[in-house]
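Only heavy atoms go into these numbers, but all of them, side chains included; no hydrogens, no water, no symmetry mates. It should be emphasised that the depicted structure is a prediction, and the values quoted were computed from it without experimental measurement.
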Amino acid sequence: MRYLSTRGHADRKRFCEILLEGLAPDGGLYLPEHYPQVDAHMLADWRGIWAQQGYAGLAFAVLSLYIDDIPAADLKALCDTTYTEAVFGTPQIVPLKPLQAPGAAAPELLLEALSNGPTLAFKDMAMQLLGNLFEYELARRGEELNILGATSGDTGSAAEYAMRGKKGVRVFMTSPNGRMSPFQQAQMFSLLDDNIHNIAIDGVFDDCQDIVKAVSNDLDFKRKYKIGTVNSINWARLLAQVVYYFAGYFQATQTNAEKVSFSVPSGNFGNVCAGHVARMMGLPIAQLVVATNENDVLDEFFRTGVYRVRGTADTHETSSPSMDISKASNFERFVFDLLGRDGARVAQLFGPAISQQGRFDLSADPLFVQAATRYGFVSGKSTHADRLATIRDVFARYGVMIDTHTADGVKVAREHLVPGQAMLVLETALPIKFAATLVEALGREPERPPQFNGIEALPKRVTVMPADTALVQRYIVEHCH
Ligand SMILES: *Cc1c(COP(=O)(O)O)cnc(C)c1O
């Protein structure tokens, strides 16, 4: 399998070449040259693999179609070490939780639990694999990597828990000082591993992102200090996420003749883009429901054909903060497919059109209707009031507590139900991560998994710094040996 850029660059690369890279040289995102097709025979085989070998076996089956530059036995071992009950808390890794009223014939919705990993958010699903892949590939090359990142919460902790103790990798994670939830701060800052560095920046998330960008644009520094990233545009992360669409499907259905829909709480379009890839491979998905919060860049596009990035001033700080985006960094991948893989056109839209007008408009393009008709996308948005109401309603009806992001997914899923067809809502975090809003909705603290008891009282390791790129660079220089 070779990978190409969404902006038409002539290079074709293999998996391990793009594993440690960010953007393609022309600023595009990497995608496989084609989507391997899972025909009826293979889907039947995979149902058997799921039943007999579980999540790790299924992950190996999916990944093998896209990765041909890691020997099969090694790839199998990487999947087996990553997806274990010890790491993800359950033997099924991604169990389904039916939302079903007592006496009802069928569940209203099925929650697919993606957040039982070490940091209690779905980002562990991909990041844990990435940690093992990075360690493997760096050892093979005899290289080191210093991961520099910016986080408002979930990404940073998932990256740190995936990379802690890994050979050849260091993590330098910036976060806005004092702005993450107390639980998130405790999760990150209580890590005492030598290769994990928390840098709290006096500023907001955008200041952290600007610093990461500035350091990455300093090409000499980047090369000399082997700076890399693990952000959501990384193809390996997306690929790892494809697996749980198959695992959800096999759990929700009896036969491969059935179709299901997925509702996906969305910010940067990484999670739901993996659903798109699964659907392109032939997984029988009816609808892919894109659920946004008040930052409704994606809902606006799927409703109107206009993609309009937001400025800092009209990016809302919400109670589903991991979806607070001003643009959706993986969206370019879907647009590339929608426009018949026309790299030149994608380059124009995401280059000059966005940088000069901050928007592009596909409403008049005959291909736009295919977003719904051919690719199955529908969308909706949810507000703070909707989240509170949904959290209360799901708790009252089913006795199940859901987090704020999952609540956005449930709210929008309900607008797209089709009788007789299962709807899976991806549960992207556990409620304890966003306890304040749960208390606001239900008047009580969410349940805390026992391994997190007392986490806020653990010793913390974090360096506080002003929002100054040079200081962050100096910190890296002093700590990368
Ligand atoms: C990151 C995140 C999302 C958004 O996922 P995208 O891949 O950016 O669309 C949703 N919910 C939670 C809890 C997250 O951490």
Item to complete: Give a yes/no verdict on a cation-pi contact between R341 and Y35, requiring under 6.0 Å between NZ or CZ and the six-membered ring centre and an angle within 45° of the axis.
Response: yes
Practice prompt. Establish, yes or no, whether the cationic atom of R333 lies under 6.0 Å from the six-membered ring centre of F331 and within 45° of the ring axis.
Written response: no
Fill in: Non-neighbouring partners of F221 that pass ring pair (Phe, Tyr, Trp, His ring centres under 6.0 Å), sequence neighbours left out
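Applying ring pair (Phe, Tyr, Trp, His ring centres under 6.0 Å) to F221 gives Y225.
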Worksheet item: Short question: side chain of N217, backbone of K213 - any donor-acceptor pair under 3.5 Å?
Response: yes
Worksheet item: Name the one of L349, L4, L29 that satisfies side-chain contact (heavy atoms from CB on, under 4.5 Å) with F336?
Response: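 So the option named by the test is L4.
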Report yes or no: do [X] and [Y] form a side-chain donor-acceptor pair below 3.5 Å?
{"X": "Y30", "Y": "E21", "result": "yes"}
{"X": "R387", "Y": "S320", "result": "yes"}
{"X": "N330", "Y": "N268", "result": "no"}
{"X": "R170", "Y": "N195", "result": "no"}
{"X": "T119", "Y": "Q187", "result": "no"}
{"X": "N293", "Y": "D408", "result": "no"}

Do [X] and [Y] have their ring centres less than 6.0 Å from each other?
{"X": "F246", "Y": "W50", "value": "no"}
{"X": "Y3", "Y": "Y66", "value": "no"}
{"X": "F452", "Y": "F183", "value": "yes"}
{"X": "Y244", "Y": "Y55", "value": "no"}

Practice prompt. Determine, step by step, whether F334 and F377 satisfy the ring-ring contact (aromatic ring centres under 6.0 Å, His included) criterion, reporting the C-alpha distance in whole Å, the side-chain angles of both residues, the deciding distance to 0.1 Å, and the verdict.
Written response: CA-CA 11 Å; F334 171 65; F377 278 102; 4.7 Å; yes
Discussion item. With side chain to side chain donor-acceptor pair (under 3.5 Å) as the criterion, how do S322 and D154 come out once you've worked through the C-alpha distance, each side chain's angles and the decisive distance to 0.1 Å?
Written reply: CA-CA 7 Å; S322 301; D154 291 342; 2.7 Å; yes
Discussion item. Can you tell me if E447 has over 12 outside heavy atoms packed within less than 6.0 Å of its CD?
Written reply: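 Not buried by this count: 12 neighbours or fewer within 6.0 Å.
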Discussion item. Let's go through Y375 and H276 carefully: what are the C-alpha distance in whole Å and the side-chain angles of both, what is the deciding distance for side chain to side chain donor-acceptor pair (under 3.5 Å) to 0.1 Å, and is it a yes or a no?
Written reply: CA-CA 8 Å; Y375 296 99; H276 166 67; over 6 Å; no
Fill in: Trace of the side chain to side chain contact (heavy atoms under 4.5 Å, CB included) decision for R448 with L430
CA-CA 9 Å; R448 176 182 288 243; L430 290 196; over 6 Å; no
